[in-house]
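Step one of this worksheet: look at the structure below.
Everything numeric in this text was worked out from a predicted model, so none of it was measured. Sequence lines set the chain letters: A, B, ... in the order given, protein chains first and strands last, and positions in each chain run from 1.
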Protein chains: 2
Amino acid sequence: MDFKHQTTVTLAEVAAAAGVGESTVSRVLRNHGSFSKKTRDRVMEAVEQLGYVPNRIAGTLASAGSRLVAFVIPSLSNIVFPDVLRGASSVLEENQHQAVFSVTDYDPEREEALVAAMLAWRPTAVMLAGFEHTQGTLKMLRATGCRVVELLDLDGSPVDLAVGFSNAAAGRVSAEFLLKRGYRRIGYVGHDLERDTRAGKRFGAFCETLGSAGFPLADREIHVGASSVESGRLGLERLLARQPDLDAVYFSNDDMALGGYFHCLARGISIPSQLAIFGYNGLDIGRVTPQPLSTIRTPRVSTGRVAAELVVANAPPQVIDLGFELIEGATT
Amino acid sequence: MDFKHQTTVTLAEVAAAAGVGESTVSRVLRNHGSFSKKTRDRVMEAVEQLGYVPNRIAGTLASAGSRLVAFVIPSLSNIVFPDVLRGASSVLEENQHQAVFSVTDYDPEREEALVAAMLAWRPTAVMLAGFEHTQGTLKMLRATGCRVVELLDLDGSPVDLAVGFSNAAAGRVSAEFLLKRGYRRIGYVGHDLERDTRAGKRFGAFCETLGSAGFPLADREIHVGASSVESGRLGLERLLARQPDLDAVYFSNDDMALGGYFHCLARGISIPSQLAIFGYNGLDIGRVTPQPLSTIRTPRVSTGRVAAELVVANAPPQVIDLGFELIEGATT
DNA sequence: GTGAAAGCGCTAACAA
DNA sequence: TTGTTAGCGCTTTCAC
């Protein structure tokens, strides 16, 4: 049952109204090919008059090139992905492309289904998080004609384009920093590592670095589920209950770390003398807390921006390392 | 210059490979109409064999009904909109719809251009924030055949569907709460009100309520630009420099309020005895700070979910008030 | 500078 | 149950 009157002005009607052929209207509208100024005006007047809205579905079918860019992302709760979308969308909009997205909830099977659904729209490119995909997903991505961009990771082999930074390096750098600062009894509070494989890579490299230095990770507390400020706070509470003498804690990201920070504030645990806190992401909020958070700033928005630029420019396959920056706050 | 081999298996090729007609393949694939089990198997085998991916562009053109839902949102930095998208996307994905979005950056002219671009995809629905649109946008929305959903506001007249809550009521309730608690010298710290019209409506009703009670707003500090924790902190600092004897401050949202909260923590201003803080949005982080933030919790995710459900169900035009909830934290 | 006509890949009658 | 066929609204040769 329809509640609105379906107005379907077509290019043919515009042509008729303007007294020109369809192809002329098409040329004028796309500003492509040649036509006289007079014709142009007649066409534009008819367009205006009839309220014509071009049909990109038909246009795409006839010409190929959908100008649709598909994002298949793990989450929208984790600020990382809205940031990536934000960076990309500005570039896409400037270049008359549109962003389509769907959310996998960190489930590889769901990712496969969603990639298949996206491919049905014949997008210019598909953007995904990281390199961990099912065999089925990889097969589709390799078979498809569209560009593939894997985001926010560098530790793996790309299908086509990759834009991001090394999570393993981030983990290593974090560990080295804490060690250099003299921390020795270091713990970890994180979230679901199997699903968030990038957090898993950071954690793996972090532990390995500590171990090589002779000060292996003292203990860890893993929250099953998504990262959040609350689970960071609870995680630290539990970890400290078991290991009261930790001198530093590495968190899977800034949300978790802020939770830990709040726990310390509430319990009167002094930072960093009693306990140091280190995060990951470099969220703005961490710069404004009474003590700025020590963390790693990641180029989330630029990851999106650069990915979109490569796609719009149809750049050759390549891997772009945007790096990251260690921010020495007051919590270490 | 193409870097990938464009594989374009069509339905016709599948039909040929399976030794059946095109419409049979179409029926099997959409599980619509009748066909024998044997035919089905033959078709599915050919699909598998050839790695056929249906072309929804062609499908949509042939059948109408794009199953595309367009979101034209002001921002992705303001967590409100990722939350709305999150609520909507789960419903849309379950119902084989896809979400397309673009970001207006709170610019009505840009919104108009983006709506026009979206309409070219003949979406099932267009979702926008609030009721403030240009004449051109309204004209397009009224003329189009697709559903229109205006989100997160109730104070205005909808084009078609509206899902959200009253911002004016939220502002009023906030003021009444502070007054009831005995606060009398009340200030405001907010962000760009002309662009964020919903924040403007809250502020307007807030001031009016204070004024009617005989305790008009003492002062305000407006940050030109987007809301953020940092501008909340700076805003409060400036406001207090002018008005050291305020007893409460209302913030345009929780991000701003958290900034104010951090300012107080850093300066040793005791909350709420010296200064009360009240926010808006009910972000999770506000529940986990050492003192939970007093605020108004808004149904952001359900706004997205309900909007998507209405669209999928093709419900008749209506206005849905999802309400909001005052959270009495420890900052008032 | 302009128009006629042939598709793009699919769906939806309509026959068979 | 299945195949044939006529579009969907546009772009793109190719004539003129």
Side-chain angles (χ1 to χ4, degrees), chain A residues 6-44 46-47 50-68 96 117 119-123 144-146, chain B residues 6-44 46-47 50-68 96 117 119-123 144-146:
Chain A
Q6 179 85 33
T7 321
T8 319
V9 181
T10 66
L11 184 143
E13 297 175 53
V14 174
V20 301
E22 293 186 33
S23 50
T24 301
V25 177
S26 178
R27 284 189 210 102
V28 170
L29 256 26
R30 285 173 306 121
N31 195 28
H32 182 272
S34 53
F35 44 81
S36 70
K37 174 110 189 64
K38 207 175 104 189
T39 304
R40 198 199 104 92
D41 293 342
R42 284 238 299 283
V43 168
M44 292 316 275
V47 164
L50 299 172
Y52 171 67
V53 177
N55 183 335
R56 260 175 113 41
I57 302 275
T60 298
L61 183 60
S63 73
S66 68
R67 289 178 170 265
L68 235 30
Q96 289 77 251
L119 255 18
W121 284 100
R122 299 295 186 265
T144 188
C146 78
Chain B
Q6 180 87 31
T7 320
T8 320
V9 182
T10 66
L11 183 143
E13 298 174 54
V14 173
V20 300
E22 292 185 35
S23 53
T24 300
V25 176
S26 177
R27 283 187 210 106
V28 170
L29 256 27
R30 285 173 306 125
N31 194 29
H32 183 273
S34 54
F35 43 81
S36 69
K37 174 109 191 65
K38 208 176 107 190
T39 305
R40 198 198 105 93
D41 293 342
R42 284 237 302 281
V43 169
M44 293 315 276
V47 164
L50 300 172
Y52 171 68
V53 177
N55 184 333
R56 263 175 109 41
I57 303 275
T60 299
L61 183 59
S63 71
S66 67
R67 289 178 169 265
L68 235 32
Q96 288 79 248
L119 256 17
W121 284 101
R122 300 295 187 267
T144 186
C146 78

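Distance from the side chain of A:Leu61 is smallest to C:dC8 among C:dC8, D:dC8, D:dG3. Nearest nucleotide to the B:Leu11 side chain, out of C:dT11, D:dT2, D:dC10: C:dT11. Relative to the side chain of B:Thr39, the nucleotides D:dT2, C:dT11, C:dG7 differ in distance, and D:dT2 lies closest.
Within the 4.5 Å cutoff, no side-chain heavy atoms of A:Asn55 are placed close to those of B:Trp121. Between A:Val53 and B:Arg122, some side-chain heavy-atom pair lies under the 4.5 Å cut-off.
For A:Ser63, no side-chain nitrogen or oxygen approaches OP1 or OP2 of C:dC8 to under 4.0 Å. The side chain of A:Arg122 places no N or O atom within less than 4.0 Å of a non-bridging phosphate oxygen (OP1 or OP2) of C:dG9. Look at B:Arg56 and you won't find any side-chain N or O under 4.0 angstrom from OP1 or OP2 of C:dC10. Within the 4.0 Å cut-off from OP1 or OP2 of D:dT13, not a single side-chain nitrogen or oxygen of A:Ser23 is found. Between B:Ser26 and the phosphate of C:dC10, there is no side-chain N or O to OP1/OP2 separation shorter than 4.0 Å. One finds no side-chain N or O of B:Thr60 lying less than 4.0 angstrom from the OP1 or OP2 phosphate oxygen of C:dC10. Between B:Thr8 and C:dG9 there is no side-chain N or O to OP1 or OP2 distance below 4.0 Å.
For the pair B:Leu29 CG and C:dG9 C1', the computed distance is 13 Å after rounding to whole Å. Taking atom OH of B:Tyr52 as the reference point, atom C1' of C:dG9 lies 7 Å away to the nearest angstrom. Taking atom CD1 of residue A:Ile57 and atom P of nucleotide C:dC8, one finds them 18 Å apart after rounding to whole Å. For the pair B:Phe35 CZ and D:dT1 P, the computed distance is 9 Å after rounding to whole Å. Rounded to an integer number of Å, the gap from A:His32 NE2 to D:dC10 P is 17 Å. Atom-to-atom, CZ of A:Arg67 to P of D:dC10 comes out at 17 Å; the value is rounded to the nearest Å. Spacing between atom CG of A:Asn55 and atom P of D:dC8 amounts to 12 Å, rounded to whole angstrom units. Atom CD of A:Glu22 and atom P of D:dC10 are 8 Å apart (whole Å).
Using a 4.0 Å heavy-atom criterion, one finds that A:Ser34 contacts the bases of the nucleic acid, with or without backbone contacts as well.
Residue whose closest nucleotide on DNA chain C sits further toward the 5' end, between B:Gly59 and B:Arg27: B:Gly59.
A donor-acceptor pair is defined here as one N or O able to donate and one able to accept, closer than 3.5 Å; no such pair exists between the side chain of B:Thr39 and the backbone of B:Phe35. Judged by distance alone, the side chain of A:Arg42 and the main-chain N or O of A:Ala18 form a donor-acceptor pair under 3.5 Å.
Residues B:Ser36 and B:Arg40 have side chains that never bring a donor and an acceptor to within less than 3.5 angstrom of each other.
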